[in-house]
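Notes follow the structure.
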Amino acid sequence: MLESKNWIGGEWVSPRGASLAVYSPSNSLEQVGLLHLSDATDMLQAGEAARTVLPRWADTLLPMRGEILFKAANLLEQQVEEVARVASLEMGKPISEMKGEVLRGVSLLRYYAAEGVRSIGSVIPHSQDKVLQYTKRVPLGVVGVITPWNFPVAIPVWKIAPALICGNTVVWKPAEIASLTATRLVQVFAAAGLPGGVLNLVVGKGSKIGNTLLEEVPLDAVSFTGSTGTGMGVAAAAAKRNIKYQTEMGGKNAAVILGDADLAVAVPAVLSGAFRSAGQKCTATSRVIVERSIYEAFSAAMKAGIDQMYVGTALDPQSYLGPVASADQQEKVLSYVSLAQSAERVAEGQTEVDPASGHYVMPLIVTGVGVDSPLVQEEIFGPVATLLPAADFDEAVALCNRTVYGLSAAVFTRDLQKGFRFLDQAEAGMVRINQETAGVEYQAPFGGMKSSSSHSREQGQAALDFYSQTKTCALYYG
Ligand code: NAD
């Protein structure tokens with residue numbers, strides 16, 4: 001039986017709080033593990049462990065820190081099947097996608113491991129003779145990492161790996177419904193030889209131990225990914241302490257289909273963006289804005305695509321999408337589905353599993369809803385997308401930007417001029433032509449505009465900016 005554990009100061013310890021049985025989202029009768037929840041004391045101990053070992057880790061030679069991350073990458077690569085299986089069982093992402101996500105974790109570890117032998121500063125001319133002036137990245141200190149459940153491996157790794165290579169120590173609080181996966185992932189870091197206390201895992205409810213982390217643990221920075229509501233609270237707590245923070249939050253991403261779009265490219269990209277991972281990606285396509293001239297043809301093609309979509313269990317390699325991650329998530333998504341009752345339902349998927357056996361929500365495309373409907377304005381985080389007609393390019397862009405969010409946006413067109421105008425005008429941190437809104441490149445900066453983010457960026461070199469601070473050094477040798 002899989003069990004969640006805390007890893008604090010290099011020891012595997014049982015959390016002090018209550019224990020809950022974990023059931024598979026694919027089959028509500030199948031128990032997959034036991035979740036032990038932490039209390040405030042566990043969290044404070046983790047903070048102490050991270051603080052104690054900080055000077056030693058910050059002094060560890062960068063190439064040596066890199067070596068440990070390389071080892072972790074190799075071990076994770078050897079354990080892809082097993083780590084992916086735990087995550088699929090726990091949060092319902094189809095196994096084929098989950099394996100891809102674990103391999104993304106491997107790439108991220110290798111990318112940041114290599115930073116162990118790259119430049120950490122630059123030489124800058126000085127106004128006085130015989131002065132060497134240079135900058136140097138130095139660690140921030142103890143970093144709190146708070147992660148959601150929807151990418152239970154990739155998101156933690158894209159925060160933890162750059163934090164560690166920059167010389168910080170970490171206290172990680174994963175989403176409670178991804179705690180078995182978090183425990184499994186930390187086993188990889190432990191086996192790679194990461195010294196005790198450098199990374200500390202504390203599993204538990206955000207509502208119980210989140211405030212302890214944000215208000216009582218002596219943090220120097222916090223990196224959060226999750227919903228906008230929670231993220232705003234994290235930002236306020238960090239601002240109160242004047243510690244560095246980043247909050248990556250929700251999205252309501254649009255794909256714009258112009259009249260000249262190649263449907264053979266657009267339709268699979270929109271289906272994938274809207275329905276892979278059961279729509280539970282921050283970058284999922286949630287609004288599909290279609291120029292009227294192509295509206296009928298596009299709707300028909302989407303309908304045909306959804307009719308063929310296979311909804312199955314997370315461990316079935318054929319599943320295009322599986323269940324949503326939890327009963328709460330199912331209830332929330334179904335409340336939006338019920339809002340769509342009065343609207344026209346363009347297409348709804350089919351399944352061979354009994355939808356009542358787990359947290360299944362059939363893929364759904366809705367049309368005929370007003371632009372202020374919650375279906376169009378709120379993040380649903382499930383397999384539901386809305387089609388919106390637009391008269392022309394300008395109206396399509398205006399609709400695309402008519403949201404408080406600004407994470408990702410895509411346009412489908414053969415017209416380069418319109419494509420580039422879209423890249424200029426779309427208010428989103430990630431903008432694309434003829435590519436789906438979802439999916440990120442680990443070597444490129446990622447983050448949102450408007451209410452989707454605190455306006456910093458993750459991944460690529462941008463992560464190194466967040467997890468370090470710059471010292472400007474000068475030496476007179478005359
Ligand atoms: P959530 O906000 O409910 O939880 C995120 C994390 O915050 C969890 O670990 C949770 O336990 C913790 N938390 C909850 N209350 C807290 C508190 N008071 N103090 C401290 N921590 C607390 O989000 P979720 O349901 O886990 O994830 C889904 C959300 O994440 C969606 O809105 C999605 O768009 C967003 N997301 C954003 C990105 C991005 O990069 N922008 C990526 C993935 C997911």
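A quick note: this is a predicted structure, and the numbers were derived from the prediction, not measured. All ligand and atom numbering here is 1-based and tracks the order in the structure. All heavy atoms count here, side chains included; hydrogens, waters and symmetry mates do not.
Using a cutoff of 4.0 Å between basic side-chain nitrogens and carboxylate oxygens, E82 and R184 are scored as salt-bridged. Residues R51 and E48 are not paired through a salt bridge, judged by the lack of any N-O separation under 4.0 Å between the basic side chain and the carboxylate.
Listed by chain and number, residues touching ligand 1 at under 4.0 Å (heavy atoms only) are I146, T147, P148, W149, N150, I155, K173, P174, A175, G206, G210, N211, L214, F224, T225, G226, S227, T230, E248, M249, G250, C282, E379, F381, L407, F446.
The shortest side-chain heavy-atom distance between D372 and R402 falls under the 4.5 Å cut-off.
Proximity of a side-chain donor or acceptor of S26 to a complementary backbone N or O of A314 within less than 3.5 Å is detected.
With sequence neighbours left out, the salt bridge (charged side-chain N to carboxylate O under 4.0 Å, His left out) criterion links R104 to no other residue.
Classification of the F446-W158 ring pair by plane angle, with boundaries at 30° and 60°, yields perpendicular.
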